[in-house]
Amino acid sequence: MIGILRSLGMTARVAFRKPVTNSYPNVHRQIANRDRAFPILLWDEEHDEPFCTGCHACERACPVECMTVVMKDNPKHATGESKRRKIIDEFWIDYGRCMRCNICVEVCNFEAIGMNNTWAGHELSRFDRSELVMDLDMLLSQSKAGKVDPGLRA
Amino acid sequence: MEAVWADIPLEHFLVLSGMLFCIGVYGVLSRRNAILVLMSVELMLNAVSINMVAFAVYTAPTLFIGIIFTVFIIAIAAAEVGLALGVVLRVFRNRGTANVDEVSALKW
Amino acid sequence: MEPVAETTTTPSTPETPPAAPQREQTGIEREQERLTPVPFVPGKSFYRQVLPGIISVPADAVLAVSRKSSLWPMTFGLACCAIEMIATFMAHNDLDRLGIVPWPSPRQSDVMIVSGTVTKKMAPAVKLLYEQMPNPKWVIAMGACATNGGPYSRYDRVMQGVDKIIPVDVYVPGCPPRPEGLIDGFLALQAKIMEERSI
Amino acid sequence: MTLLFFYVMAGTILAGALGVVLVRNTVYAALFLIMSLLGVAGLYILLSSEFLALVQVLVYGGAVMVLLVFALMLTRVHELDKKMSGDQWPLGAVAALALLGAFIGMWTQTDWPRDPDQVTLVPFATIGDALFNRWSVPFEIVSLVLLVALAGAIIIAMQEEGER
Amino acid sequence: MPFEALLENYLAVFLATIVGTILVATALIGTRILAPYSKDRAKVTSYECGMVPIGRTRAQIHVRYYLFAILFLIFDVEAIFLFPWAVNVAQASHSAFWAMVLFIGILAAGLGYAWRKGVLQWNR
Amino acid sequence: MMRAVILAAPSVDALDNPALSALLGLIVITLIMTLGVMFATWYERKAVARMQQRLGPMRVGPWGLLQPIADTLKLVSKEGVRPASADRIAWDLSLAAIFVPAFLVLVAIPFTADWFVSPMDLSLLYILAVGGLSFIGFLLAGWGSDNKYALLGGMRAAAQLISYEIPMILSMLAVVMVVGSADVYRIILYQDVVPLIVWQPLAFIIFLTATIAELERQPFDIPTGESEVAGGVFIEYSGIRWSLFQLTGYVNMYAYSLLGAFVFLGGWEWPFGTDIGWGYQLLLTMVKMALFIVFFLWVRTSFPRLRVDQLMSYAWKVLLPFALAQIFLNGLVLVYDLPDVVLLATSGGGALALCWLVYSVVRVKPRQPLRMVGNVPATAPGSVSG
Amino acid sequence: MVAEQRPDLETIDMPINMGPQHPSTHGVFRMVLVVSGEKVVDVTPHIGYMHRGGEKLMETMDFRQGIGYADRTEYLAQFSAELGYVLAVERLMGVEVPERAEYIRVILTELNRLTSHFMFAGAFGIDSGLFGTSMMFAFREREFIQDLFEEISGDRLMYAYFRVGGLAWEVTDNFVQRCHESLKTAERGIRDIDDLLTHNEIFMGRCQNIGAFTAQQAIAYGLSGPMLRASGVPFDLRKDEPYSVYPRLKFDIPVGNYGDVYDRFLVRIEEMRQSVKIVEQALEQLPPEGPIVAEKLPRRLRTPPGEVYAKVESPRGEWGVYLISKGGDKPYRLKMRSPSFCNLTALREMTIGQFLADAVMVLGSMDIVLCDVDR
Ligand code: SF4
Ligand code: SF4
Ligand code: SF4
């Protein structure tokens, strides 16, 4: 009897606490600085080209094999604008398969890839799963537009 | 007030109860499943009750014996159903059938 | 009372056992049967066949709004993603805000959230549950595993995506997606319902 | 109006009764029975016995029915496609019809007394009074019968428990 | 006590039965009109957690339920006997009261018997 | 005399024809019922959400107020799937068999002093009799949908309904003894000074418990328990059929709450008497009814479910003997013309005894607390015996 | 006397399929219960609906990639799973883990134990028929702790934070303070659950004397974790075969007396309190500065040939990783001893003879993780 009353008292007390709910679509709460959404490629503002040299290190290290990297000679290297001899030509990451393990970021020697830590990295629902395969443009777009969180770890 | 009973003659009730009773008789005689037989018995009992009440109301409303009787009938019928169904269940468990034809033999 | 809304044909006699297969199926045949996709059978509403467009178009809109505002998913947790799915239903994210409450039976649900790895052993169950859901129905593939096998795609007993067996409407990437990601998936589904009103 | 009501009720009762004795599925038969019994309750209303009607609903519609349906579900295994009527159904029909004929002959021969002026509703409390004063002995016997029925049913049903 | 009033009251009940049935029917017709419908969905098995149902569904029930039904029957009958007495218990004679007590007592003994026999126990 | 008051009531005799006025009343209660149920579903979701520290429906209409409408529309436009092996007649008939009794109960309920469809002499008995019919629908649904969970749920529902029907009837009987009438109207009029809950607390407790059980709400929701039978009887029903079952549940909740408010809390009568206008009467009734509903919700969020044997033994071993004792005590007091205070004392004592009994039975024997094995390496598992 | 019974009359026993999709089977577990009325007379568990080859896949992965899969195998106690895996590799390689990393590992593992047990309490409340309230309370607290985990590791569920030789990266600056906050909310959560369930008589009536196991039975079935301790065996790997810095921390292990469902619940609740204690101590002893990764680790981890069995006390029991290496950067064979699977073996013994509703409770009290059972 006493325990039963205690349970009743419990729920009654809780009814007067403030609800903990976040009203998500209206309010985006602060996301953790280290948040690992999906890997994105970073843009080298200085040389106006991606950091990525297409070295395949991340591709080989990825446990789920969701990356495809194609490398090419850097045209800017020939003109001397950039020190990178090779540069990324095509880059695909299948966000539908990526398990967000951060390994690609860790193995990259050029700090060319980072885990997105903005909400844009989480709102990626698609009607078709092939749309989840991100190509180079999409992977670079956020960094190019300068919308990367300064705390991004690369 | 008269209008009500003037509308329906007593015979109506009697015919109805008679028909109900006969349907019950038919059911008792023709049904094989013991539970259905019991249901038919219920029909017959109800026919009797209708008769009782009709007579009580039409002929001797101040005595209302018929109504009291009907209450008793209902009570006894309830007891009967409970008991009879117990027997049927028992028979069913032992013989694997609830058909009256097959259990009519008292031997096994 | 007439059974007015019959949706199925004559009931089979309940006591007859299903006809036994003539010969033992081989493993490959069983596997193929297990992996044949469920066809999407769109039902036709009676009102859109008889009513003129001027009435049935606003009716469509009203129904679509009501459908999108009360999407009831089936409680169907498969693997790790299920934890995040549950978290989405719980106090912090509270899908009830959007009118989304889970029901245990497929009969009362509109959405199936495939939250996790679908193995080939599980595939028939998923298909059956999908078939048992009444029209109109939708499927959300939550997480990498449901989308294309995810981390386990290299293992051959894992379905390479649940869309191999049932039609999927929304894919939510992530392993697991955040609760907000799932809510985003629901919002996308709502948009989709409003777009394709005709059921 | 009342006559119409009567015919509706009579129709319900007879249809239900016929359903009980004719229909093949036992569960449907039980449904028809409840229909018939509720019709009888309506008839009691027509006969100004409100209390009886409610008792009919409470006991027949509630208790007896639940017992019957449970018993049906306890025994009904695969009797659905078996013949529901026995071989002697023509005999039963003949007997029933003969009985009906006898009844009808009897009713038409009799001049029933009718005294509408005396008709009043039987007050509810009066029934109680009579039940507990004048009829108290049969009343107690009823309780004994109920007790015996209860005990008997329990013994019969519990045996089964012990067996397994 | 006017008889018409009684009949009128129960006329409402009679009508309510019809109206209630009509409401149900309307709902069913409404869903037939508004809901999608396709003839192809003939083979819908009953739900059993995603598996094809195993064994016979309409198996027998347990006898325990039947025993509760019997208990219910007995006490239901008792309750209706009590009602006419209850409405004028204040005016009733003492003998009626004790008759009632005896009545209740006998049935309570039945309950006690059932209790002793373990009907209420649900052992198995 | 009372009859005259009732028959002069506007809603009954609004039209000359009794059939028409009854129809009018029925239509009115249908509307009230539908709106009320819609509000109730919204309110339930909101209130339960608050007790769980979340928000509840927010996005459909202001504060989610349009949520029930959306739900209803969606359910109507949802395909009604019937399993191929289901029994087609029992399948649809069970809807009517469950819904109609609930609807019939509303007919006899007076909403204010002169607002009701049908004034009956034995309205209390009528409500109990008709309300007890719904089990047949549960059995039909369980049997008809050809599903094991549904069958189990149907059996459980029927067994539970009949088991709690008895304490319910007997607790009502105790009230009838005190008042001397089986008419809800008179029972309300009797309570113009003191509500019956004061005289009959034991009967009230029994009634409250039995009501929750009859409504199949937590903690007595074993027929529909999600974690065991996954929805029970309704498991196979979809769309509007399922929503009809839900509707019936809510209608029953309203009906029983109203009944409780009338019989034990004095309905519109206490504490202001009959003289206040019908508006206030309605308000008073609604407030009292809402008390019950809030209580049901509160209990629903707080309690785990009972097991089926606990449920049955609670009805038969605890509630029934106490109900019988209450009737016996009432009879003793009334027949021997003891003062009313004795009524209060006996019933109150009974209520306390009930609470104590529940406490002492339910409080399982004090168990040894957990042993705490301290900061030394524990013994190896092999060496432990017993 | 009694006539021979026809075999088809015995159908009073009804087989019921529970799962793979059932609200109370905790994933895609399936059990076929044979019930007579309401009592369970037989039960056949079916597993394998979630068999996705995690073990086998991990054999194709190098030691860093495997961590993610360890997470996904035991998705309610990810840190424990990671810890078991990295411990095995570390022992094989003979790596010395810095003290600070050890402390952080212990703190996170114990916090993870809190979240896991919260999940248990919530789900168990639902199994016992509560209308979601316990789950709501439990997830409320879980959510706070998960926020902390996310701040540190970057993910809400699959942390992949432990590395061979230490941790992936340094914790955040306000780590200590955030931990204290989380502990405070967790304590409130424990109190709430306590108020709601532990003392509720209905709950007690549902739980007590259900599925009781004696100590011998428990040992014979190879149970571990709270299931074993509830049966009265004071066996806890943190005490008996201590790893990491557990020997330096003072805590008690709760041991039940009856071995029934209620004791398992109590043991878990008490373990939560003890975890709070452990975290508090660990936070005190945590060296404020220091490396978090062992020095001189090669970039590509390679183990010498050999085999090792590392076990940790996960919230569900003994979580062991058995690793054979023939040299190189991948395990030659990897076997996980999953507590859920071993505990699940007792299901049949515990369930037969109970009510249908109790079968659900017994299963709930095992607190299985299906991916852990099937791997
Ligand atoms: S992202 Fe880094 S590791 Fe991957 S290809 Fe580019 S440079 Fe190499
Ligand atoms: S995060 Fe992991 S899974 Fe995703 S792309 Fe990088 S390495 Fe591959
Ligand atoms: S997508 Fe990732 S989190 Fe989801 S079920 Fe698969 S492995 Fe688990």
Roughly how far, to the nearest 0.5 Å, is [atom2] of [Y] from [atom1] of [X]?
X: Leu102(E); Y: Glu140(D); atom1: CG; atom2: CD; result: 4.0 Å
X: Ser143(D); Y: Ile104(E); atom1: OG; atom2: CD1; result: 10.5 Å
X: Leu52(D); Y: Ile80(E); atom1: CG; atom2: CD1; result: 9.0 Å
X: Phe70(D); Y: Ile70(E); atom1: CZ; atom2: CD1; result: 11.5 Å
X: Ile74(E); Y: Leu67(D); atom1: CD1; atom2: CG; result: 8.5 Å
X: Leu150(D); Y: Phe75(E); atom1: CG; atom2: CZ; result: 7.0 Å

Quick one: does [X]'s side chain get under 4.5 Å of [Y]'s, heavy atoms only?
X: Glu78(E); Y: Leu146(D); result: no
X: Phe14(E); Y: Val8(D); result: yes
X: Val66(D); Y: Phe72(E); result: yes
X: Val142(D); Y: Phe81(E); result: yes

Query raised in the report: Taking all atoms of both residues into account, what is the closest heavy-atom pair of Leu73(E) and Ala63(D), and its distance?
Result: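 It is CD1-CB, 3.3 Å.
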Query raised in the report: Do you know the tightest heavy-atom contact between Phe51(D) and Pro84(E)?
Result: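 Heavy-atom minimum between the residues: CZ-CG, 3.6 Å.
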Report task. Specify which of Leu58(D), Val148(D), Leu54(D), Val137(D) makes the most heavy-atom pairs with chain E at under 4.5 Å. Result ->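 Top count of heavy-atom pairs under 4.5 Å with chain E: Leu58(D).
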Query raised in the report: Side chain, backbone, both or neither: which part of Phe103(E) has a non-hydrogen atom closer than 4.5 Å to chain D?
Result: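 Backbone plus side chain of Phe103(E), per the 4.5 Å heavy-atom cut-off to chain D.
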Query - Which atoms of Met65(D) approach chain E - backbone, side chain, both or neither, heavy atom under 4.5 Å - result: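 Contact with chain E involves no heavy atom of Met65(D) at all.
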